Amino acid sequence: MNYSFKEIEEKWQKLWEEGQVFKAVFDAAKPKYYLLEMFPYPSGKIHMGHVRNYTIGDVAARYRMMRGFNVLHPMGFDAFGQPAENAAIKNKTKPDTWTHQCIESMETELKKMGFSYDWAREVSTCDSDYYRWNQWIFLKMFERGLAYKKASNVNWCPSCETTLANEEVVDGECWRCHSKVEQKDLEQWFLKITEYKERLLEDLFLLNDWPERVRAMQTNWIGKSQGVEIYFPLKDSDKVIPVFTTRADTIFGATYVVLAPEHPLVKEIIKGNPLEKTVLAFIEKVAKESKDVRTKEDVKKEGMFTGCSCINPVNNEVIPIWIADYVLMEYGTGAIMAVPTHDQRDFLFAKEHRLPMRVVIEPLGHRPLTVEQLTEAYESDGIQVNSGLFNGLPNQEAKFKIAQWMEEEKMGSIKVHWRLRDWLISRQRYWGTPIPMIYCKKCGIVPVPYKDLPVELPKDAPFTGEGGSPLSKVSEFVNVTCPKCSAPARRETDTMATFFDSSWYFLRFCSPKCNEMPFDAKEAKYWMPVDQYIGGIEHAILHLLYSRFFTKFFQDLGLICFNEPFKRLLTQGMVLKDGEVMSKSRGNIVDPDSMIQKYGADTLRLFILFAAPPETELEWDDRGLEGAFKFLNRIWRIQENLKEKADPALTRALHKAIKRVSEDVESFKFNTAIAGLMEFVNTIYQSGADKEIFSKLIILAAPFIPHFAEELWQSMGNKESIFKASWPSYDPQMLVEENVTVAVQVNGKVRSKLEVPVDIGDDALKDLVLADEKLKPWIEGHAIKNFIVVPRKIVNIVI
RNA sequence: GCGGGGGUGGCGGAAUGGCAGACGCGCUGGUCUCAGAAGCCAGUGUCGCAAGACAUGAGGGUUCAACUCCCUCCUCCCGCACCA
């Protein structure tokens, strides 16, 4: 007979809720533990990824609870965003209605998994109680010059009909819908994340408990590179072309300069020159090419001579100025010095267009190196040649010396270049936080006064699916009076990117009902930072970088006194089916709800925790799920046959299990923790357990299979929840065995095993080993060269 | 190209430099049963009747002893990238 999971799970979910077992209450006297999983977008249904993420978190939360911590384990919904608008257009409902329905059904599903959330702290970012603080934060940023409006060339998704942040463009495609991203010139709101670039980079070193991968990705994204900005004076003009390079050591080999076609200087310098028309035609042609085409590796690089020249400041050589499609305006200064001998791109381009070359670095083992010998650019280290004062120096040393020299001689200046750009947050969409700004003909851009917050999102905007923000069609929303001069004015109709919402929700959870501020400083001081954050790798840059930025901003406002929001980060692996990510389009989705129906939430949890370590990918396996179910029934049967007094030998096994499970749970090795539980169950299964041993067993199992454990706990006569019980500790004395098995090796190969007292002396052990019949054939007639004893483990005889 | 992480039975996966393959799935045999399912017991890396030999991507090295440390290489996954 299988245990009746359905009944048990429903019963405990109800009792936990009624008893407020997981309510988190501020208590400065108690050590806190803030466990957070990335909150979901309310799509309406949870998927296996959610189940895995939240189960991992739930185990850690329940374990800490039993360890006596005051645990904060909240849940909420990242509820603004485009799917709600799409659904609204399709189903002719309101985004608001659709979203709230989804939240409700998702809550129900999450509750069926038995997660230990403090539901009283639930927040939804689409509630004005929440998003008014987005507006508050935005205004604070505006006051400090960190939110600003700027006209620029921005990413535009034609299908989502909105602008996108750089972080939201992946391989030239919209991260959400995979449409090709276009470029548009628009005036948009930006957040000055670049103001924090140094701190965002430096503080990554503090995050020792983050996965190396995530730190590396953020480092890459911020993209700090040291170099020199070199000034190339134009011939016959007092203008200069600034060029950024990280390879100052190659400057003597710069034989031409290339500008990006859209570089503002180009039109200036070609004015009136015979090539003007052809150059303009080329610029126009390149302008039509997408960045994607221009930067494709296998496409031939196009370019042409501008008819103008400039001077290489280090040797006063007159060198030609070209323009080419592979030079991008976005990077550096939009101009490069070309060193064909030591840069492969320049090499190919120079060959193609028959441009001059000069070797300035020679490999140690191949000197001299001539241009004729080169079949490709020499990009490795070597010794400087043809480099004036710097001849004979190793190039790495020369790199610094040349940079310094150029700075002294005012030929350039040492500069740091950053890849990180400011964060574009305007979205031409409806379902988001209104940007609290007003445009007045007389006063210009006027922030909405704090007392007028929130700027409520009108619930009944017209939804046609046609382009343009629906908000601009709601005249009561758009038409306002200027807060400064009371003249008629217009509201901003763009909304904020939803990543704004999720950049500080972890702080809101500390005091979700706070009315005066985004969060209560005292509560935040107690609960924050998040001790353990868990979520998918897809947020390695976006959400995690933005949240770090916001945290530093709050620190600058004096609202908090820490600089990083998430102390530890765990990125859980994906759930696969047949080696592929579960997805609707592949049709390989396993619905969590149907698995709960069939086996119960505890079995689902157990399987998902046991099948792989949390960080690695997990291959879904129906039979594995059944195995987990079998294990639960096995424990159930032990309980049905409890004895008065169990074999005393089992106590040692119990203490070993306590040690193993505790250590493994502590370090998030849930798969081996469960393996340890299974081993223990196998040990006690035959001879039977008594009450003492069995209660310890179910306490150890409780974080993984909470309903099951709680039911058995209660059936043994306990009145309080098992999660109020304290986690057992082990007695190191109990782990010491009387006898141990020592493997005996001859020349590193196991030839025998001996059961010996644990505290046997080396000499006594040696005597025993030499008397062992099994070893005779191996050692007889050989001289023993060495006799190595590793106490309690191994003996190795070297002959 | 740069950065991060992998490669261990039929499968998921274990192993502070110390008995490779824990635990689970699957499989084989047995037991129970009128029969089946469930349960229970035993076995299960490869080759070999056995003794034993060989096995952690490949090849070297260090060591009494290497999945683990060092070197060379192959390969897979992820991120970034004509980044100047």
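Note that the structure is a prediction, hence the values are computed from the model and not measured. First the proteins, then the strands, lettered A, B, ... as listed; each starts at 1.
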Length of the line joining [X]:[atom1] and [N]:[atom2], which is rounded to integer Å:
{"X": "A/Glu617", "N": "B/rC78", "atom1": "CD", "atom2": "P", "value": "9 Å"}
{"X": "A/Ile537", "N": "B/rG3", "atom1": "CD1", "atom2": "P", "value": "18 Å"}
{"X": "A/Asn2", "N": "B/rA37", "atom1": "CG", "atom2": "P", "value": "16 Å"}
{"X": "A/Arg751", "N": "B/rA65", "atom1": "CZ", "atom2": "C1'", "value": "14 Å"}
{"X": "A/Asn671", "N": "B/rC25", "atom1": "CG", "atom2": "C1'", "value": "15 Å"}
{"X": "A/Asp249", "N": "B/rA84", "atom1": "CG", "atom2": "P", "value": "12 Å"}
{"X": "A/Ile635", "N": "B/rG24", "atom1": "CD1", "atom2": "C1'", "value": "14 Å"}
{"X": "A/His539", "N": "B/rG79", "atom1": "NE2", "atom2": "P", "value": "14 Å"}

**Message:** Would you say that A/Phe282 contacts A/Ile323 through its side chain, given a criterion of any heavy-atom pair below 4.5 Å between the two side chains?
**Reply:** yes

Which nucleotide in the list [options] gets nearest to the side chain of [X]?
{"X": "A/Asn682", "options": "B/rC54, B/rC64, B/rC23", "answer": "B/rC23"}
{"X": "A/Met217", "options": "B/rG79, B/rG13, B/rA53", "answer": "B/rG79"}
{"X": "A/Ala216", "options": "B/rC25, B/rG4, B/rC80", "answer": "B/rG4"}
{"X": "A/Val790", "options": "B/rG18, B/rC80, B/rG24", "answer": "B/rG18"}
{"X": "A/Tyr685", "options": "B/rG52, B/rC40, B/rA84", "answer": "B/rC40"}
{"X": "A/Glu212", "options": "B/rA84, B/rG5, B/rG13", "answer": "B/rG5"}
{"X": "A/Arg345", "options": "B/rG18, B/rA15, B/rC83", "answer": "B/rC83"}
{"X": "A/Thr672", "options": "B/rA14, B/rG18, B/rC54", "answer": "B/rA14"}
{"X": "A/Glu679", "options": "B/rA22, B/rA84, B/rG39", "answer": "B/rA22"}
{"X": "A/Asn796", "options": "B/rC83, B/rC54, B/rG18", "answer": "B/rG18"}

Checking [Y] against [X]: is there a side-chain donor and acceptor pair closer than 3.5 Å?
{"X": "A/Ser687", "Y": "A/Asp647", "result": "no"}
{"X": "A/Glu407", "Y": "A/Ser413", "result": "no"}
{"X": "A/Glu538", "Y": "A/Trp175", "result": "no"}

**Asked** Can you name the nearest heavy-atom pair linking A/Tyr378 to A/Ile361, along with the distance?
**Response** CD2-O, 3.8 Å

NA contact type, [X], heavy-atom cut-off 4.0 Å: base, sugar-phosphate, or nothing?
{"X": "A/Arg637", "result": "sugar-phosphate"}
{"X": "A/Lys749", "result": "sugar-phosphate"}
{"X": "A/Asn747", "result": "nothing"}

**Asked** Are A/Trp423 and A/Phe499 close enough that their ring centers fall under 6.0 Å?
**Response**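 No, the ring of A/Trp423 stays outside the 6.0 Å limit from the ring of A/Phe499, centre to centre.
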
**Asked** So, A/Phe670 versus A/Phe668, ring centres under 6.0 angstrom or not?
**Response** yes

**Donor-acceptor pair present, A/Lys793 side chain and B/rC19 base, under 3.5 Å** = no

**Prompt:** Would you say the side chain of A/Asn220 and the base of B/rC80 hold a donor-acceptor pair, judged only by whether the two atoms sit under 3.5 Å apart?
**Reply:** no

**Prompt:** Mapping A/Ile336 and A/Thr616 to their closest nucleotides on RNA chain B, which lands nearer the 5' end?
**Reply:**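 Nearest-nucleotide comparison on RNA chain B picks A/Thr616.
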
**Asked** When you match A/Arg623 and A/Thr245 each to their closest nucleotide on RNA chain B, which lands nearer the 5' end?
**Response** A/Arg623

Separation between the [atom1] atoms of [N] and [M], rounded to whole Å:
{"N": "B/rC71", "M": "B/rG3", "atom1": "P", "answer": "15 Å"}
{"N": "B/rU8", "M": "B/rU62", "atom1": "C1'", "answer": "23 Å"}
{"N": "B/rC67", "M": "B/rA55", "atom1": "C1'", "answer": "12 Å"}
{"N": "B/rC19", "M": "B/rA15", "atom1": "P", "answer": "13 Å"}
{"N": "B/rC25", "M": "B/rA38", "atom1": "P", "answer": "12 Å"}
{"N": "B/rG59", "M": "B/rA50", "atom1": "C1'", "answer": "34 Å"}
{"N": "B/rC73", "M": "B/rA65", "atom1": "C1'", "answer": "26 Å"}
{"N": "B/rG45", "M": "B/rG24", "atom1": "P", "answer": "15 Å"}

**Message:** Treating A/Asn747 as the side-chain partner and A/Ile799 as the backbone partner, does any N or O pair qualify as donor plus acceptor under 3.5 Å?
**Reply:** yes

**Asked** Taking a pair as Watson-Crick (N1 to N3 plus N6-O4 or O6-N4) or G-U wobble (N1-O2 and O6-N3), both under 3.5 Å, which stems of 3 or more consecutive pairs involve RNA chain B?
**Response** B:1-7 with B:74-80, B:10-12 with B:23-25, B:26-31 with B:39-44, B:45-47 with B:52-54, B:57-61 with B:69-73

**Message:** Would B/rG30 be called syn or anti here, given the cut-off of 90° from 0?
**Reply:**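 Anti conformation here, the glycosidic angle of B/rG30 being more than 90° from 0.
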
**Message:** Using a 6.0 Å cut-off, check whether atom CZ of A/Phe400 has over 12 heavy atoms from anything other than its own residue.
**Reply:**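 No - once you tally the heavy atoms of other residues, nucleotides and ligands closer than 6.0 Å, there are 12 at most.
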
**Message:** Does atom CZ (A/Arg634) have a neighbourhood of more than 12 heavy atoms from anything else shown, all under 6.0 Å?
**Reply:**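 Atom CZ in A/Arg634 is crowded, with more than 12 foreign heavy atoms closer than 6.0 Å.
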
